[in-house]
Amino acid sequence: MATTTTSTGAWSRLRDAFKPYLHQRWQEGCTNARTLFEEIKSAGFQGQCTIVREYLRPLRSGLG
């Protein structure tokens, strides 16, 4: 899978490649967006922390 640095590409990559990981870590009790961002960044995510923060917002509200 090709990586991209555009926000749309980063958002798609977050959804496709890292969504299961983020949900797993959330269930394990890691709810810090910066920590989760650093973890997926080290695994190849090339987007910004704000993308992770926005993705986690519904989970914080209990909607995810």
Side-chain angles (χ1 to χ4, degrees):
M1 172 185 270
T3 59
T4 180
T5 57
T6 64
S7 60
T8 302
W11 185 259
S12 295
R13 184 153 162 73
L14 175 64
R15 260 196 341 255
D16 297 340
F18 298 105
K19 180 179 174 180
Y21 179 79
L22 291 174
H23 281 267
Q24 174 189 341
R25 294 289 289 130
W26 186 271
Q27 292 301 316
E28 292 171 353
C30 183
T31 60
N32 183 285
R34 172 60 71 179
T35 299
L36 293 169
F37 166 71
E38 292 296 335
E39 291 177 8
I40 65 173
K41 181 179 175 184
S42 70
F45 180 66
Q46 294 184 358
Q48 300 295 317
C49 185
T50 54
I51 293 172
V52 176
R53 201 171 277 127
E54 288 296 316
Y55 180 77
L56 296 175
R57 183 168 288 164
L59 298 178
R60 291 191 192 289
S61 301
L63 302 173

Test item: E39 and L22 side chains (from C-beta on) under 4.5 Å apart, heavy atoms: no

Nearest heavy-atom pair of K19 and Y55: which atoms, and what distance? CG-OH, 2.7 Å

Partner set under side chain to side chain donor-acceptor pair (under 3.5 Å) for Q24, not counting sequence neighbours: E28

State which residues pass side chain to side chain donor-acceptor pair (under 3.5 Å) with T35; sequence neighbours excluded, sorted by chain then number. N32

Set of residues satisfying salt bridge (Lys or Arg N to Asp or Glu O under 4.0 Å) with respect to R60, sequence neighbours excluded: none

For R53, all residues meeting side-chain contact (heavy atoms from CB on, under 4.5 Å), sequence neighbours excluded: A33, C49, T50

Between G44 and F18 the two heavy atoms that sit nearest each other are C-CZ, 4.2 Å

